[in-house]
Amino acid sequence: MLGVSLLSKNVYTNRMLLNLLDKCKSMLELKQLHAMVLSFGLSKDDLFISRILSFSALSNSGDIDYSYKVFSQLSCPRIFFWNTIIRGYSNSKNPNRSISIFIRMLRLGVVPDYLTYPFLVKASARLLKQETGESVHVHIVKTGHGSDIFIQNSLIHMYASCGNIMFARKVFDGMQGRNLVSWNSMLDGFAKCGEMVLAQKLFELMPERDVVSWSSLIDGYVKAGEYREAMVVFDKMLAVGPKANEVTMVSVLCACAHLGALEQGRVMHKYIVDNELRLTLVLQTSLVDMYAKCGAIEEALLVFRSVLKSQTDVLIWNAMIGGLATHGLVKESLKLFEEMQIIGIIPDEITYLCLLTACAHGGLVKEAWYFFDSLSKRGMTPKIEHYACMVDVLARAGQLTTAYQFICEMPIEPTASMLGALLSGCINHRKLDLAEIVGRKLIELEPEHDGRYIGLSNVYAVVKRWDDARSMREAMERRGVKKSPGFSLVEISGFLHRFIAHDKTHPNSEETYSMLNFIVNQMKHGLHQENQESTLYDIIIEDA
DNA sequence: TCAACGTGCG
């Protein structure tokens, strides 16, 4: 690049400059080339301006605000330049800038073309603002671009992202010709809105399916909490569909994580390696999360440590810190937090939630207060989850009055699960006067929830107020609250087994129950006298 | 002088 700087301005230097601009890799390089363009008096030459604008607006290592500065100096930018800037902002952190530039464009009397609209629709989709999307839609129809397939496809996506599946469907149904992307956008729309029956139906109706179709369906099941169904679809994809890509694997690993299916998770890891899928940071984070949630902390650490320090971000640190925390590896978790700060990763709200979880598991009340306070000191607002975690810390540590006071002074309404944490703290620490107050509040808050009656009934059982305990159960039945059976999942040799209380349908049911009886007997003999009644009560009536 | 620029899955 420096070799040309002394040459006089001629055809050869122009061509070389263009070549260099095409090969540009970083903003630093671009700025140097831009300086040369200016010094050669080429600042009005579209060929050069378009390359400078495009790189800074669209490249991964670009800088959209720099692009905008260059753009603002143009006296009468051609439509291509407007589109480049709008496109750049639609992919940026501020998609609303696309909209404001669009409005300015209209005020100046510049007419958008068929290429302007997909970026504007995308910006509205990313903003999750249906009103904005709708007014863009009005412009599209007014300017006669309503039947452009690219624009229609992005409209489907926009309406679905904003949660309006009806409008998305209206666009889809009104299309004269549909391509694969149209079907995929509609499919993903149903999946995004949790309409899995419709998604499945559409999937079966599709004239063709690619990796995006399969991934959308799988991710829909994952988002709907139907992890087993997600795995079934994935298996089918391996059998009859296209090869999975890294996007597919992120969803599938998420399903394994929720199922606690370690063996299947390992198979997925092997699939990624065998098929040479790109190990993106997102995918590595999913692997860490899967291993951690399945209890394979060593394997989680192995993946985590394989990530280069230069290519890391806060998400993967959160996954690892949180994984250690939930496994009770509290010291390791906090140590990792120190390490993270040393290499300059800025913690976010989730990091603090993980740290508070660690404190809850380790009984670290002082540290929890410290983390809770630093959250606000770093300019973040504690969310309901942070308050809930703090209540959990205090309740587990037996600081029940403080916990109750904390709840009363919070700027947000307490959730039932928060009071639930306080209630079990009260029961465990025999703070039974408070337990009764909290237990009653919980029933008021969630009269349809079976666990809330059981919770208060457990309180009465501890103080041997058997009549009150029974009356709670009767109140539950009187109000027609159904007890929803809790279940456990256990993975053995790659197979998942589901157990429901009193379930005798499992082939190994007999062995399971004899082992359970053995354990219960052992516990009966091993328990301290003072805790005996309530713990037994909890074993028999599942814990709320 | 002209064209360059567009849609869907984490």
Side-chain angles (χ1 to χ4, degrees), chain A residues 18 21-22 45-55 57-59 67 77-88 90-91 98 112-126 140 145 147-161 168 171-172 175 177-192 199 202-203 206 208-223 230 233-234 237 241-242 244-255 257 272 277-287 289-290 315-316:
Chain A
L18 277 179
L21 276 166
D22 283 338
D45 191 316
D46 280 356
L47 277 173
F48 294 93
I49 295 303
S50 92
R51 280 168 172 79
I52 291 166
L53 279 179
S54 298
F55 180 86
L58 309 176
S59 144
S67 190
R78 33 177 76 224
I79 186 74
F80 172 63
F81 295 162
W82 285 98
N83 289 351
T84 304
I85 292 297
I86 291 177
R87 180 188 181 189
S90 76
N91 294 318
S98 299
D113 65 7
Y114 68 105
L115 293 160
T116 320
Y117 290 112
F119 307 132
L120 289 167
V121 179
K122 188 177 192 175
S124 321
R126 292 199 48 215
I140 289 167
H145 292 114
S147 50
D148 182 305
I149 193 165
F150 283 79
I151 295 175
Q152 289 174 314
N153 290 346
S154 47
L155 282 169
I156 295 171
H157 175 239
M158 181 273 295
Y159 282 124
S161 301
V171 176
F172 181 80
M175 289 175 84
R178 302 180 187 98
N179 63 13
L180 181 55
V181 178
S182 322
W183 286 90
N184 281 345
S185 302
M186 196 63 240
L187 170 65
D188 176 59
F190 283 140
K192 265 201 179 75
L202 196 83
F203 182 80
M206 288 174 77
E208 51 172 336
R209 300 171 194 94
D210 68 357
V211 62
V212 177
S213 331
W214 288 90
S215 304
S216 300
L217 188 65
I218 291 170
D219 194 59
Y221 280 120
V222 172
K223 292 275 155 64
V233 176
F234 179 71
M237 178 180 180
N245 67 11
E246 51 270 17
V247 180
T248 326
M249 297 316 285
V250 169
S251 306
V252 172
L253 285 169
C254 182
I272 291 165
L277 298 189
R278 238 162 27 96
L279 257 189
T280 58
L281 192 55
V282 182
L283 191 49
Q284 287 170 308
T285 306
S286 303
L287 281 167
D289 189 56
M290 180 276 293
L315 293 177
I316 195 159

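We name chains A, B, ... by the order of the sequence lines, and we start the count at 1 in each one. Owing to the predicted nature of the structure, the values given are computational and were not obtained by experimental measurement.
The side chain to side chain contact (heavy atoms under 4.5 Å, CB included) search around A:S67 returns A:L53, A:S56, A:A57, A:I64, A:I85, not counting sequence neighbours. Listed by chain and number, the residues in a side-chain hydrogen bond (donor to acceptor under 3.5 Å, both in side chains) with A:S251 are A:D219 (sequence neighbours excluded).
The CG atom of A:L315 sits 11 Å away from the C1' atom of B:dG10 (whole-angstrom rounding). To the nearest angstrom, C1' of B:dG10 lies 14 Å from CD1 of A:I316. Between A:L287 atom CG and B:dG10 atom P the separation is 18 Å, expressed in whole Å.
No donor-acceptor distance shorter than 3.5 angstrom exists from the side chain of A:S54 to the backbone of A:R51, with no hydrogens or angles considered.
At the heavy-atom level, A:I156 lies nowhere under 4.0 Å from the strands shown. When heavy atoms are screened at a 4.0 angstrom cut-off, A:T280 is found touching base atoms of the nucleic acid.
Taking side-chain N and O atoms only, A:K192 has a distance below 4.0 Å to OP1 or OP2 of B:dC9.
With hydrogens and angles ignored, no donor-acceptor pair under 3.5 angstrom links the side chain of A:S216 to the base of B:dC9.
Side chains of A:R126 and A:S90 form no contact here, defined as non-hydrogen atoms less than 4.5 Å apart.
Between A:F172 and A:W183, the gap from one ring centroid to the other is short of 6.0 Å.
Using bins of under 30°, 30° to 60° and over 60° for the plane-to-plane angle, the ring pair A:W214/A:F203 lands in the perpendicular bin.
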Detail all sub-3.5 Å separations between protein N/O atoms and N/O atoms belonging to nucleotides 4-7 of chain B.
from: B:dA4; atom 1: N6; to: A:R78; atom 2: NH1; distance (Å): 2.9
from: B:dC5; atom 1: O3'; to: A:R87; atom 2: NH1; distance (Å): 3.0
from: B:dC5; atom 1: O2; to: A:N83; atom 2: ND2; distance (Å): 3.3
from: B:dC5; atom 1: N3; to: A:N83; atom 2: ND2; distance (Å): 3.3
from: B:dG6; atom 1: OP1; to: A:R87; atom 2: NH2; distance (Å): 2.5
from: B:dG6; atom 1: N1; to: A:D148; atom 2: OD1; distance (Å): 3.3
from: B:dG6; atom 1: N1; to: A:D148; atom 2: OD2; distance (Å): 3.2
from: B:dG6; atom 1: N2; to: A:Y114; atom 2: O; distance (Å): 3.2
from: B:dG6; atom 1: N2; to: A:D148; atom 2: OD1; distance (Å): 2.7
from: B:dG6; atom 1: N2; to: A:D148; atom 2: OD2; distance (Å): 2.9
from: B:dT7; atom 1: O2; to: A:N153; atom 2: ND2; distance (Å): 2.1

